[in-house]
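Beneath this line is the structure, given in structure tokens, with notes to follow.
The basis for the numbers below is simple: all heavy atoms, side chains too, and nothing from hydrogens, waters or symmetry mates.
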Amino acid sequence: MIRIFLPISFLLFFSCQNTSIAALEDPALKIEYGSGECNFVENPTYIVNKDYVVYQDVCTHIVFYPDIVSFKPGKNNEPGFAFDKNGMYVKGEFLKIDTTGFVALGINKENDLLWKTKYKVFKNTTELKNIDVATFQPNPCKSYNGEVKDQYYKDKNFIYYFDKKIQGSDGATANTNPYDFCHDKNHIYFKGEVASFGGEPYQYVNCDFFKTKKYVFRNGELVDDMHPDNLKALSAHYTRYNNDVYFRGNKTPMKLKNSSIVKVWTADNYDFYITDGKSIFKDGKEIDKKVDLPSFGFLSGAYCFYDKNGIYERGYNQELKKEIIEKLPFQYEGKFNSKYISYNKYSGIIFYKNQAYATRTKSFYEDLSPKQIAAAKAQKNDIDDFDGSNKVFIDYNFCKMYNRIYFRGKRTSFDAETFIPMDNSNQYYEDKYYKDKNVVSYCNERIRDIKKMSDIDVNSARTFDIFLIDKNLLYCKNVKIIKSTGIELLASFSGYRGGFCGNDPTPLSNFYLFKNSEGFWLVKISDKISYRFLGKVFDRKWEFSFEAIDLAKKYGNNRTIGPQKIVKQEKNENKSKTIDNEVYNAVAVQIRPDYPGGIQKFYAFIKKNYVIPKEILDDESSRGGVFAKFIIEKDGSLSEIEVIRDIGYGSGRELERVLKLSPNWIPAIKDGNPVRCLYSIPYYVQ
């Protein structure tokens, strides 16, 4: 007998609304910046066009020509990496290397990439030496102030602060809990250094407490009423202080005696249950159920536990406003035996002998065959298939069952045999596209709605970066923008970001530079979608932001900005020498110019020396970006400093003054020689 309980919503028929609208034309459209030092985009990304690829990150825009047929950007957890049949690309730079065992390890705020193969570890394209490659791995942890970061790594010998080896650290005893401080058996570390207070190194207690010889700290804050000698870790998140028990740094109702036999049940770096030898507590609170302690156990990942009497599920009663515990009505057939319990975390199904319970649908299944049990235990998807529905969860929104497609539990008219999610790897926030043999649809996860897009040719429809195109038009969301004939995406720019936090209602925005058969276009994606036709011939003067972008070779020599190439012939006693006074774009050189210590040091230098004009201090609304360009000479000095745009009140003059104080940079290198290089920066007055 199989008992099935299906939500009533599965019986409802759902039909999508038919809609497509046109974007707004804006002849005055310009790129807007909100906050941050970002010329292009916050995160490394590859734009794949028909015969070339663009790589972008915060300050980089490079065009290159891989094998397009085999070219493939890395997965979502591999930003900045791409591959083709000839090798791999790191931040747009080709690297011919054996990629066996490739693993993307992490990225820091400067967009440096840490990665490894089976035999080597790299920072960007530079191999890091004296690292045990086989054991080198991320060591995610929180800093002393509780912020979770992935800046730490470890091998069997040492801990590393990104690529910096922490001398004297012990990798073998480094923490493994991602919610713990970075520590080993000897020390706690902060920004790659031994953390201390008043000259005394911190001693590790657990995830929530650390101490010195005199003081106790809870979640990084000094605790006045605790003495370090009386503090003892019971587990990663349970702590004993005298007779009190703390969970995640908070005092619980538990009281211990000297004779108390304490045990904590943990799994997957989480503390689940604790006992004082008499009662069971969850999160420091006694559970509302008397259980047999000697036989107590729990299923990691499920809200269930068991003892010698059966299996119990924890839930929450909205009317009673409290947690409730119910015994699952398996047929226990006499004495319960926990060795017959198992749990599949993918499908959320609990198995007991020849029975199963689907925790998500609250469905029970009895008298299952060994073949059914084995198949269900082996499932790697969110599938509940005991009732013959062939239920498969396609993604968070859609599932397929009874050979029909359901959207959030409601039946749709999509063709089940041909329905697929389109490539959403670069989708804009919560926007996704789907199609079957008849129609393309757009889904906005935030408003939980799906709309059919009219006039789209299904056979030619495909995703293109965050956009959708068919043989006729370019779309974003359910909006028609421009013609798709000969479409190319040349560059993207992060727009307004001021409304991301706080009470600023201004919507976020992104900007995109396109080329199609008609010419060049600037497109803005925000709460509304708008576009501007720029012209048939590319002109960098349209936007100051265009000055630093690289263009495909077919559009001519657009890499050179500023004075044309000047070549002088000078002779000495032995040979003639060519003097190159050309001013190159940063993308046209083999080694780009750099500020000693990196670009973040440069912005720190500006911030230290920039004096905000009094008028801006008095008027909060006047703050924003000041943009400048300059030439980095062969000796690293800055020349031809020009403010492109400012916010008034002398903000541009002040940035120009500070730039003139700048120490010399490390110059750009082309063909083995230092060359002059144009550079542009934004500086945000805050």
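- With hydrogens and angles disregarded, a donor-acceptor distance shorter than 3.5 Å links the side chain of Asp184 to the backbone of Asn186.
- To the nearest 0.5 Å, the span separating CG on Asn111 from NZ on Lys91 amounts to 6.0 Å.
- Within the 4.5 Å cutoff, side-chain heavy atoms of Met88 are placed close to those of Trp115.
- Under a cut-off of 6.0 angstrom, the local environment of CD1 in Ile261 is sparse, with at most 12 non-hydrogen atoms contributed by other residues, nucleotides or ligands.
- Cation-pi geometry between Lys377 and Phe351 is met: under 6.0 angstrom from the ring centre, within 45 degrees of the axis.
- Considering only heavy atoms from C-beta on, Tyr306 comes within 4.5 Å of Leu299 through its side chain.
- Salt bridge annotation for Lys211-Glu200: absent, with no cationic side-chain nitrogen under 4.0 angstrom from a carboxylate oxygen.
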Should Tyr352 and Tyr357 be marked as a ring-ring contact (aromatic ring centres under 6.0 Å, His included) after you check the CA-CA gap, both sets of side-chain angles, and the distance that decides it?
CA-CA 8 Å; Tyr352 180 67; Tyr357 170 63; over 10 Å; no
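- Annotation: side chain of Gln151 is not in contact with side chain of Lys191 (no heavy-atom distance under 4.5 Å).
- Of the possible donor and acceptor atoms, one in the side chain of Thr252 sits under 3.5 Å from a partner among the backbone N and O of Val245.
- Thr412 places no side-chain N or O within 3.5 Å of a backbone atom of Phe407 that could act as its donor or acceptor partner.
- Between the OH atom in Tyr316 and the NZ atom in Lys322 there is a gap of 10.0 Å [rounded to 0.5 Å].
- Considering all non-hydrogen atoms of both residues, Cys304 and Ile311 come closest at CB-CG2, 4.5 Å.
- The aromatic rings of Phe419 and Phe398 sit tilted relative to each other, their planes meeting at an angle between 30° and 60°.
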Please lay out, stage by stage, how Lys371 and Leu368 fare under the test side-chain contact (heavy atoms from CB on, under 4.5 Å).
CA-CA 8 Å; Lys371 185 176 180 180; Leu368 299 172; over 6 Å; no
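- The one candidate from Phe209, Phe181, Phe197, Tyr204 that meets the ring pair (Phe, Tyr, Trp, His ring centres under 6.0 Å) condition with Phe217 is Phe197.
- Put simply, the side chain of Gln355 gets close to the backbone of Gln331: a donor and an acceptor are under 3.5 Å apart.
- His227 places a side-chain N or O within donor-acceptor distance of the main-chain N or O of Asp229, the cut-off being under 3.5 Å.
- Contact annotation: the side chain of Asp395 approaches that of Tyr434 to within less than 4.5 Å [non-hydrogen atoms, C-beta and beyond].
- Applying the salt bridge (charged side-chain N to carboxylate O under 4.0 Å, His left out) test to every pair with at least one member in residues 347-356, sequence neighbours left out, gives no pairs at all.
- A distance below 6.0 Å separates the ring centres of Phe102 and Phe81.
- Classification of the Trp265-Phe296 ring pair by plane angle, with boundaries at 30° and 60°, yields perpendicular.
- With 3.5 Å as the limit, one finds no donor-acceptor pair spanning the side chains of Tyr160 and Asn139.
- Asn175 contributes a side-chain N or O that, together with a main-chain N or O of His183, makes up a donor-acceptor pair within less than 3.5 Å.
- How far CG of Asp112 is from CG of Asn124: 4.5 Å, rounded to the nearest 0.5 Å.
- Taking the side chain to side chain donor-acceptor pair (under 3.5 Å) definition, one finds that Ser279 meets it with Glu286, sequence neighbours left out.
- A centroid separation of 6.0 Å or more is found between the aromatic rings of Tyr246 and Tyr238.
- Between Gly192 and Tyr152, the shortest heavy-atom contact is N-OH, 3.1 Å.
- Using a distance-only test at 3.5 Å, with no hydrogens or angles considered, no donor-acceptor pair links the side chain of Asp292 to the main chain of Asn309.
- Under the ring-ring contact (aromatic ring centres under 6.0 Å, His included) criterion, Tyr312 pairs with Phe305, sequence neighbours left out.
- Between Ile341 and Phe336, the shortest heavy-atom distance links the atoms CD1-CZ, 3.2 Å.
- Looking at Thr359, its side chain does come within 3.5 Å of a backbone N or O of Gly348 through a donor-acceptor pair.
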Apply ring-ring contact (aromatic ring centres under 6.0 Å, His included) to Phe190 and Tyr202, showing your working.
CA-CA 11 Å; Phe190 174 63; Tyr202 290 120; 9.6 Å; no
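- Contact record, Thr117 with Val133: O-CG1, 3.5 Å, taken as the closest heavy-atom pair.
- When atom types are taken as modelled, the side chain of Tyr161 and the backbone of Tyr153 share no donor-acceptor pair closer than 3.5 angstrom.
- When atom types are taken as modelled, the side chain of Lys156 and the backbone of Asp132 share no donor-acceptor pair closer than 3.5 angstrom.
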Derivation of the side-chain contact (heavy atoms from CB on, under 4.5 Å) call for Asn397 and Ile450:
CA-CA 10 Å; Asn397 297 301; Ile450 185 166; over 6 Å; no
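- Using a 4.5 Å heavy-atom threshold, the side chains of Glu127 and Lys129 count as touching.
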Which is it for Leu105 and Val103 under the side-chain contact (heavy atoms from CB on, under 4.5 Å) test, yes or no, and what are the steps along the way?
CA-CA 6 Å; Leu105 298 170; Val103 179; 3.8 Å; yes
Working note: Asn206 + Thr239, criterion side chain to side chain donor-acceptor pair (under 3.5 Å); need CA distance, chi angles, decisive distance, verdict.
CA-CA 8 Å; Asn206 62 6; Thr239 316; 2.8 Å; yes
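- More than 12 heavy-atom neighbours from other residues, nucleotides or ligands sit within 6.0 angstrom of NZ on Lys327.
- Looking only at side-chain heavy atoms (C-beta outward), His187 and Ile166 stay at 4.5 Å or farther from each other.
- The line from CZ of Phe122 to CD1 of Ile131 is 11.0 Å long, rounded to the nearest 0.5 Å.
- When all heavy atoms are compared, the tightest approach of Tyr189 to Gly168 is OH-O, 4.3 Å.
- Note: Phe298 and Tyr273 have tilted aromatic rings, judged against thresholds of 30 and 60 degrees for the angle between ring planes.
- Of all heavy-atom pairs between Pro201 and Val194, the closest is CB-CG1, 4.2 Å.
- No side-chain heavy atom of Glu313 sits under 4.5 Å from any side-chain heavy atom of Ile350.
- Within 6.0 Å of atom CG in Asp288, 12 or fewer heavy atoms from other residues, nucleotides or ligands are found, so the atom counts as exposed in its surroundings.
- A distance of 7.0 Å separates CG of Leu234 from CG of Leu256, quoted to the nearest 0.5 Å.
- In this structure, Lys282 and Glu323 have side chains that are not in contact, with every pair of non-hydrogen atoms separated by 4.5 Å or more.
- Ile324 CD1 to Gln318 CD: the interatomic distance, rounded to the nearest 0.5 Å, is 10.5 Å.
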